[in-house]
There are 2 protein chains.
Amino acid sequence: MSTTQMLKGILDGCLLAIIKNKEVYGYEIAKKLESYGFASLSEGTIYPLLIRMKKEELVTATSKKSTAGPRRKYYSLTLKGEEALQSFIKRWNGLQNNVNNVLRYESDGEETKGDEHGE
Amino acid sequence: MSTTQMLKGILDGCLLAIIKNKEVYGYEIAKKLESYGFASLSEGTIYPLLIRMKKEELVTATSKKSTAGPRRKYYSLTLKGEEALQSFIKRWNGLQNNVNNVLRYESDGEETKGDEHGE
DNA sequence: TCATATACCTTGTAATGCAATCTATTTTTA
DNA sequence: TAAAAATAGATTGCATTACAAGGTATATGA
């Protein structure tokens, strides 16, 4: 129905990409995602995801003092996390191709009787 | 973990696109999706989805005799289904933009301190 | 002291892809 | 004729995961 279902399995790839670029903390990630267009992305989504990724050893976390507010948990990618990011990028690109193929070849009355699509 | 999670909420958009193009039956859709690159897409996914979409009045179904095998259920888009397809395409394009922005701006050490991304 | 912004966490729920399994029909093969 | 395979559809139950709602804690400024 809404956009939220489309995020399943995609959001963690985005987190990995953001964490790879720079050591970041959860609240910061939430703000970043918002600036990238992910409207209405709740922190109730981010924090559990970070905890899950830590459990899966994709990221490590270190607690540091903040200049304002409580201590921040800074996340970094592990080697396993970098591999997961690469794997995500491949799967994401594959998915984009597949979906865009469907939209391209189906959405405008083309008849592609069972032969190959694209080139 | 796998690609399956990334399909959530996306697959139904693909079905709508395929059905809009031409009256089709479930088994045919499964084969088509396979040809578009959606490997290992189970029929246990397609049929419940079609039933759900029918319940939501996005599609209608008519049973017709087959040349080989049991009767086929041919699906067509309703007006509501066409609207849902348009809505899906918008959301899909938005999602693509957002994710690709993250991957583009984060994956290569750019520092984009809180300002706007892209144009 | 109280309000506000920052920062993080937990619980429960709903949505949905899919494996597994089943039924039924037609054609092909032995 | 009997068995196998291909076609076509359906159902049950499970696992994953985004998110709302609510909570905790720290620092700053009025």
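Numbers restart at 1 for each chain; the letters A, B, ... are given by sequence-line order, proteins then strands.
The side chain of A/Tyr27 contributes an N or O atom lying less than 4.0 Å from OP1 or OP2 of C/dT6. For the OP1/OP2 pair of C/dT25 and a distance below 4.0 Å, the side-chain nitrogens and oxygens of B/Arg71 include no atom meeting the criterion. Distances shorter than 4.0 Å separate some side-chain N or O of B/Thr45 from OP1 or OP2 on C/dC18. Considering only side-chain N and O atoms, A/Lys73 lies under 4.0 angstrom from the phosphate OP1 or OP2 of C/dC9. OP1 or OP2 of C/dA7 sits under 4.0 Å from a side-chain N or O of A/Tyr25. Of the side-chain N and O atoms in A/Tyr47, one or more sit less than 4.0 angstrom from OP1 or OP2 of C/dC8. For C/dT6, neither phosphate oxygen OP1 nor OP2 lies less than 4.0 angstrom from any side-chain nitrogen or oxygen of A/Ser66.
In this structure, the NZ atom of B/Lys64 is 19 Å from the C1' atom of C/dT25, given to the nearest Å. The nearest whole Å value for the distance from the CZ atom in B/Phe38 to the P atom in C/dG17 is 11 Å. Rounded to a whole Å, the CZ atom of B/Phe88 is 12 Å from the P atom of C/dT16. When the P atom of D/dG9 is taken as reference, atom CE of B/Met53 falls 13 Å away, rounded to whole Å. When the P atom of D/dC19 is taken as reference, atom CG of A/Leu50 falls 14 Å away, rounded to whole Å. When the P atom of D/dC19 is taken as reference, atom CG of A/Leu49 falls 10 Å away, rounded to whole Å. Whole-Å rounding puts the B/Tyr74 OH to D/dG9 P distance at 8 Å. Residue A/Arg52 contributes atom CZ, which lies 15 Å from atom P of C/dT10 at whole-angstrom precision.
We find that A/Lys20 and A/Glu82 are joined by a salt bridge, their nearest charged nitrogen and carboxylate oxygen being less than 4.0 Å apart.
Heavy atoms of B/Ile46 sit nowhere under 4.0 angstrom from any nucleic acid atom. In this structure, B/Glu43 reaches the bases: a heavy-atom distance under 4.0 Å links it to at least one base atom across the strands shown. In this structure, B/Gly26 reaches the sugar-phosphate backbone alone: every heavy-atom distance under 4.0 Å involves primed, P, OP1 or OP2 atoms, never a base. As judged by a 4.0 angstrom heavy-atom cut-off over every strand, A/Thr4 is placed among residues touching the sugar-phosphate backbone only.
The backbone N or O of B/Lys73 sits nowhere less than 3.5 Å from a side-chain atom of B/Ser63 that would complete a donor-acceptor pair. Checked by atom type and distance alone, the side chain of B/Ser66 never pairs as donor or acceptor with a backbone atom of B/Arg71 at under 3.5 Å. Proximity of a side-chain donor or acceptor of B/Lys80 to a complementary backbone N or O of B/Glu56 within less than 3.5 Å is detected.
Between B/Ile46 and B/Gly26 the shortest heavy-atom distance is CG2-O, 4.0 Å.
Candidate nucleotides C/dC18, C/dC9, D/dT17 were compared by shortest atom distance to the side chain of B/Leu7, and C/dC18 ranks first. Distance from the side chain of A/Pro70 is smallest for D/dT26 among the nucleotides D/dA15, D/dT11, D/dT26. With D/dA18, D/dT17, C/dC9 as the candidates, the nucleotide lying closest to the side chain of A/Leu11 is D/dA18.
Where A/Ile51 and A/Ala68 meet DNA chain C, the nucleotide closest to each residue was compared, and A/Ala68 sits on the side nearer the 5' end. Of the residues near DNA chain C, A/Lys8 and A/Arg72, the one whose nearest nucleotide (by heavy atom distance) lies more toward the 5' end is A/Arg72.
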- Query: Does the pair B/Gln96 and A/Asn100 meet the rule for a side chain to side chain donor-acceptor pair (under 3.5 Å), with working shown?
  - Reply: CA-CA 10 Å; B/Gln96 274 190 104; A/Asn100 288 330; 3.0 Å; yes

